[in-house]
Structures are given as structure tokens and as C-alpha cells.
Amino acid sequence: QVQVVESGGGLVQAGQSLRLSCAASGTFFAINAMGWYRQAPGKQREVVAVILSGGSTSYADSLKGRFTISRDGAKNTVYLQMNNLEAEDTAVYYCNVRARIGLVHVDDYWGQGTQVTVSS
């Protein structure tokens with residue numbers, strides 16, 4: 001079983017920055033990818049950024065340049081640095097961990113979510 005715990009959300013004003021953290025723990029062979037998703041009220045969950053085990057990253061087109069995903073492999077932790085926040089970034093941010101828990105079995109695990117609120 002894999003546990004995923006996010007932290008770092010909060011209330012900020014537009015233009016400010018926040019850094020989210022997500023740590024994975026438990027029993028698994030390897031982490032294939034870690035990513036951030038968000039869900040705003042009344043909207044579907046959408047991908048924010050993903051980082052693969054080799055370090056490759058991908059971002060939602062609308063967020064490139066403001067958000068940066070990074071990881072500490074030794075700590076099984078992923079970070080999301082969010083700069084120049086806008087009111088439209090207000091959402092619950094979820095961490096996803098894609099872990100290999102068997103020789104061939106890969107599964108997705110989610111954190112409980114952390115609220116980010118940006119006031120304009």
C-alpha cells in the first residue's frame with residue numbers, strides 16, 4: 001500500500017507564490033511518475049504537471065512559465081512551485097503517485113488534496 005500526503009496549500013493574494021509538497025511512503029518497488037492535478041468548484045479534475053522517474057516534466061499549456069514541478073527521489077517527494085498566482089488557480093490540488101507495487105503491476109495513488117485559494 002502507498003500513502004500520499006500533500007502539504008503547503010493556503011490562502012494568498014494574486015501575484016504571490018506558494019509551494020506544495022507531496023510525499024509518498026509505504027511498500028512499492030519504484031515510483032514511475034508523480035504529478036499534480038487540480039479541481040476547481042464545478043469543474044473536472046485537470047492535470048497541472050507531471051514528472052517522470054527519469055526527470056522529464058510536462059505541464060498544462062496554460063500554466064507553463066508560472067508553475068514548476070520538481071522532485072527529490074531520495075525522499076519520494078514532489079514539489080510544485082506556483083508563482084504569480086491568479087484567482088483562476090483557486091482549486092483543490094491533488095498529488096498523484098504512479099507506483100510499481102509488483103513485478104509488473106502499476107497503480108495510481110492519490111492524496112487527500114490541499115486547498116489553494118487565491119484572492120484577487
Side-chain angles (χ1 to χ4, degrees):
Q1 189 71 1
V2 179
Q3 293 79 43
V4 181
V5 179
E6 304 112 331
S7 61
L11 171 64
V12 297
Q13 292 184 336
Q16 293 185 326
S17 299
L18 270 179
R19 188 193 195 207
L20 305 182
S21 300
C22 168
S25 62
T27 303
F28 48 87
F29 284 97
I31 292 177
N32 290 0
M34 300 181 80
W36 290 96
Y37 294 71
R38 69 184 184 182
Q39 187 166 16
K43 295 186 177 181
Q44 290 188 331
R45 189 174 298 189
E46 61 178 0
V47 63
V48 173
V50 176
I51 185 166
L52 303 183
S53 58
S56 299
T57 59
S58 61
Y59 297 88
D61 287 342
S62 61
L63 301 176
K64 287 180 180 178
R66 293 195 300 122
F67 288 16
T68 302
I69 190 170
S70 61
R71 67 185 177 94
D72 184 334
K75 296 181 179 179
N76 294 322
T77 299
V78 65
Y79 306 96
L80 184 68
Q81 178 67 40
M82 305 184 292
N83 297 329
N84 194 22
L85 283 161
E86 304 170 353
E88 292 73 23
D89 295 317
T90 296
V92 178
Y93 284 70
Y94 296 92
C95 179
N96 170 268
V97 175
R98 179 159 292 180
R100 187 161 64 89
I101 59 174
L103 289 179
V104 296
H105 186 72
V106 176
D107 213 345
D108 284 313
Y109 298 86
W110 294 89
Q112 78 286 354
T114 185
Q115 177 70 46
V116 172
T117 303
V118 184
S119 63
S120 57

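FYI, the numbering just counts along the sequence from 1.
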*Could you list the residues that satisfy side-chain hydrogen bond (donor to acceptor under 3.5 Å, both in side chains) with Gln115, not counting sequence neighbours?*
Thr117
*asked:* Restricting to non-hydrogen atoms, name the atom on Val4 and the atom on Gln112 that form the minimum distance, rounded to 0.1 Å.
replied: O-OE1, 3.7 Å
*Please tell me if the side chains of Leu63 and Trp36 come closer than 4.5 Å, counting only heavy atoms from C-beta onward.*
no
*Side-chain donor/acceptor of Gln39 to backbone N/O of Ala91, under 3.5 Å*: no
*asked:* Assigning hydrophobic clusters by single linkage (Ile, Leu, Val, Met, Phe, Trp, Tyr; side-chain heavy-atom cutoff under 4.5 Å), is Tyr37 placed with Val78?
replied: no
*What pair of heavy atoms forms the shortest contact from Val116 to Gly9, and how long is it?*
CG2-CA, 4.2 Å
_Residues Leu20, Met82; criterion side chain to side chain contact (heavy atoms under 4.5 Å, CB included); working and verdict_ = CA-CA 8 Å; Leu20 305 182; Met82 305 184 292; 3.8 Å; yes
*asked:* With a 6.0 Å cut-off (strictly less than), is the heavy-atom count around CD of Gln44, excluding the residue itself, greater than 12?
replied: no
_Let me check something: do Val92 and Trp110 share a hydrophobic cluster, defined by ILVMFWY side-chain heavy atoms less than 4.5 Å apart, either directly or through other members?_
yes
*Just by distance, with hydrogens left out, do Ser53 and Asn32 show a side-chain donor and acceptor under 3.5 Å apart?*
no
*Taking all heavy atoms of Ile101 and all of Thr27, pick out the closest pair and write down the distance.*
CG2-O, 4.1 Å
*asked:* Within the 4.5 Å heavy-atom criterion, are Phe28 and Val97 side-chain neighbours or not?
replied: no
*Nearest heavy-atom pair of Ala33 and Leu52: which atoms, and what distance?*
CB-CD2, 3.7 Å
*What residues join Val106 in its hydrophobic cluster, counting side-chain heavy atom gaps under 4.5 Å, either direct or through other members?*
none
_What's the separation between atom CD in Gln16 and atom CG in Asn83, rounded to the nearest 0.5 Å?_
11.5 Å
*Val118, Tyr94: one ILVMFWY side-chain cluster at the under-4.5 Å cut-off?*
no
_Passing option when Asn96 is tested against Asp108, Val47, Val50 for side-chain contact (heavy atoms from CB on, under 4.5 Å)_ = Asp108
*Does any N or O in the side chain of Glu6 come within less than 3.5 Å of the main-chain N or O of Cys22, such that one atom is a donor and the other an acceptor?*
no
*Does the pair Asp72 and Tyr79 meet the rule for a side chain to side chain contact (heavy atoms under 4.5 Å, CB included), with working shown?*
CA-CA 8 Å; Asp72 184 334; Tyr79 306 96; 4.2 Å; yes
*Is it true that a side-chain atom of Thr77 and a backbone atom of Ala23 form a donor plus acceptor pair closer than 3.5 Å?*
no
*asked:* Below 30° counts as parallel, above 60° as perpendicular, anything between as tilted: where do the rings of Phe67 and Tyr93 land?
replied: tilted
*Could you list the residues that satisfy side-chain hydrogen bond (donor to acceptor under 3.5 Å, both in side chains) with Asp89, not counting sequence neighbours?*
Arg38, Arg66
